[in-house]
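Below is one structure, written out as structure tokens; the observations come after it.
Below, all heavy atoms of this structure are taken into account, side chains as well, without hydrogens, waters or symmetry copies.
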Amino acid sequence: MYPILFKIGSLTIYTYGVLISSAFLVGLILAVIEAKREGEDPQKIMDLSVYILISAIAGSRLLYIMISYKEYVSDPLRILKIWEGGLVFYGGFLMAIAVVIVYLRKHNMNVWKVGDILAPSVAIGQGIGRLGCFFAGCCYGKATSVPWGVIFTDPNTLAPMGIRLHPAQLYDSANGFIIFTVLVVLRRFKKFDGQLFWTYALLYAIGRFIVEIFRGDERGFAIEPYISTSQFIAILLLITSIIMIKSLRFRSKD
């Protein structure tokens, strides 16, 4: 749609970067507020959030490069241009989890309690961040004739121009906002630590698997041409989430 928000001389402000930054800021504010409510140290949550941001960007970019390496063979320097888009959520999600576990163990913090604090922030961050993908044109959908399809015309877009496409980015954005709403409601009835985090993972896996059906960009297949890499990860995450929810619920009762 509008990859470039505005220009000031030679300085170019990309819509993608602005929305990704906004996603992080909103998520951080919500996490700090929830940390205070749960009796956790807000400063530690803020520090952890910075580590999550760095690891999430690195992991997301790394996985995207791995499955879309052909884009960078002729121009390797494009790997550094993350403002153009090109991040795979699961790569960032998995790397961020590893960083979180290390940080929480170092500071003797409850992993699942902190996970519940951060889960709504991740969901709303996803919702806002995917709007950035929409404006940049990355993660675009398949060609379609549905009336809500979108046609990209900006020459700076990363999506094919002049073709009506499924707004797959908006589908994923809606998925994030819906999950955020569910988690905020579920928080009032929480029965055990980890419930919100794994509910997020469960719902995201389901939503992402569905959204992948409408994706039209090159993103790699685990079982070509039926199951994309993200769908395969979604299946594993779905199974893991169900097991963890049942396990943590059983432990809390025990």
Please name the pair of heavy atoms, one in Gly127 and one in Ser173, separated by the smallest distance, quoted to 0.1 Å. O-OG, 2.6 Å
For the backbone of Tyr2 and the side chain of Thr15, can you confirm whether one donor and one acceptor N or O come within less than 3.5 Å of each other? yes
Rounded to the nearest 0.5 Å, how far does CD1 of Ile57 lie from CG of Leu62? 13.5 Å
Non-hydrogen side-chain atoms of Ile97 and Phe197 separated by less than 4.5 Å: yes
Should Pro160 and Leu165 count as side-chain neighbours, where that means a heavy-atom distance under 4.5 Å? yes
Closest non-hydrogen contact found for Gly137 with Thr157 is CA-OG1, 3.5 Å
Suppose we screen for salt bridge (charged side-chain N to carboxylate O under 4.0 Å, His left out). Which residues come up paired with Arg105, at least two apart in sequence or across chains? none
d(Trp112 CH2, Ile117 CD1) to nearest 0.5 Å is 14.0 Å
Identify whether Tyr51 and Leu118 are in the same connected component of the hydrophobic contact network (ILVMFWY, side-chain heavy atoms under 4.5 Å). yes
Neighbour count above 12 (heavy atom, 6.0 Å) for Phe177 CZ: yes
Can you tell me how far apart CG (Asp172) and CD (Gln126) are? Round to the nearest 0.5 Å. 5.0 Å
Examine Phe152 together with Tyr140 and report whether their ring centres are nearer than 6.0 Å. no
If you round to the nearest 0.5 Å, how far is CG of Leu28 from CD1 of Ile33? 10.0 Å
Start with the C-alpha distance between Tyr200 and Leu196, add both sets of side-chain angles, then the distance that settles side-chain contact (heavy atoms from CB on, under 4.5 Å), and finish with yes or no. CA-CA 6 Å; Tyr200 165 79; Leu196 297 186; over 6 Å; no
Kindly work out whether a path of hydrophobic side-chain contacts (I/L/V/M/F/W/Y, heavy atoms less than 4.5 Å apart) joins Leu236 to Ile213. no
Membership question, hydrophobic clusters at under 4.5 Å side-chain separation (ILVMFWY): are Tyr14 and Leu11 in the same one? no
Hey, are the side chains of Arg164 and Thr144 touching, using non-hydrogen atoms and a 4.5 Å cut-off? yes
With a 4.5 Å heavy-atom cut-off, do Lys191 and Ser252 have their side chains touching? no
What are the two closest non-hydrogen atoms of Leu186 and Gln195, and how far apart are they? CD1-NE2, 3.9 Å
Should we say atom NZ of Lys36 is surrounded by more than 12 heavy atoms from elsewhere, each under 6.0 Å from it? no
Is there a path of hydrophobic side-chain contacts, each under 4.5 Å between heavy atoms of I, L, V, M, F, W or Y residues, that connects Val146 with Val211? yes
Close side-chain approach of Leu238 to Ile206, heavy-atom, < 4.5 Å: yes
Looking at every heavy atom in both Cys133 and Cys139, which two are closest together, and how far apart are they? SG-SG, 4.1 Å
With side-chain contact (heavy atoms from CB on, under 4.5 Å) as the test, would you mind laying out the steps for Phe209 and Gln231 before giving the verdict? CA-CA 5 Å; Phe209 188 94; Gln231 285 179 316; 3.6 Å; yes
Gap between atom CD1 of Ile4 and atom CG of Asn156 - 0.5 Å precision: 4.0 Å
Only one of Glu212, His166, Arg130 passes side chain to side chain contact (heavy atoms under 4.5 Å, CB included) with Tyr171, and that residue is His166
Is there a side-chain contact between Ile128 and Phe24 (heavy atoms, below 4.5 Å)? no
Has the side chain of Gln169 got a donor or acceptor atom that lies under 3.5 Å from a matching backbone atom of Gly132? no
State, yes or no, whether a side-chain contact exists between Phe134 and Val150 at a heavy-atom distance under 4.5 Å. yes
Shortest non-hydrogen separation from Ser55 to Val99 and the atoms involved: CB-CG2, 3.5 Å
Could you give the distance from NZ (Lys44) to CG (Leu48), rounded to the nearest 0.5 Å? 11.0 Å
Are any of the side-chain heavy atoms of Lys190 and Arg187 separated by less than 4.5 Å? no
Take Val114 and Ile45 through the test side-chain contact (heavy atoms from CB on, under 4.5 Å) and record every step on the way to the result. CA-CA 8 Å; Val114 174; Ile45 296 298; 4.1 Å; yes
Would a hydrophobic clustering, with Ile, Leu, Val, Met, Phe, Trp and Tyr connected at side-chain separations under 4.5 Å, put Val185 with Phe180? no
For Thr12 and Lys7, run side-chain contact (heavy atoms from CB on, under 4.5 Å): C-alpha distance rounded to whole Å, both residues' side-chain angles, the deciding distance at 0.1 Å, then the answer. CA-CA 5 Å; Thr12 302; Lys7 288 186 176 182; 3.6 Å; yes
What orientation do His107 and Tyr103 show, parallel under 30°, tilted 30 to 60°, or perpendicular over 60°? tilted
When you look at CZ of Phe192, are more than 12 heavy atoms from neighbouring residues, nucleotides or ligands closer to it than 6.0 Å? yes
Restricting to non-hydrogen atoms, name the atom on Ala168 and the atom on Arg215 that form the minimum distance, rounded to 0.1 Å. CB-CD, 3.8 Å
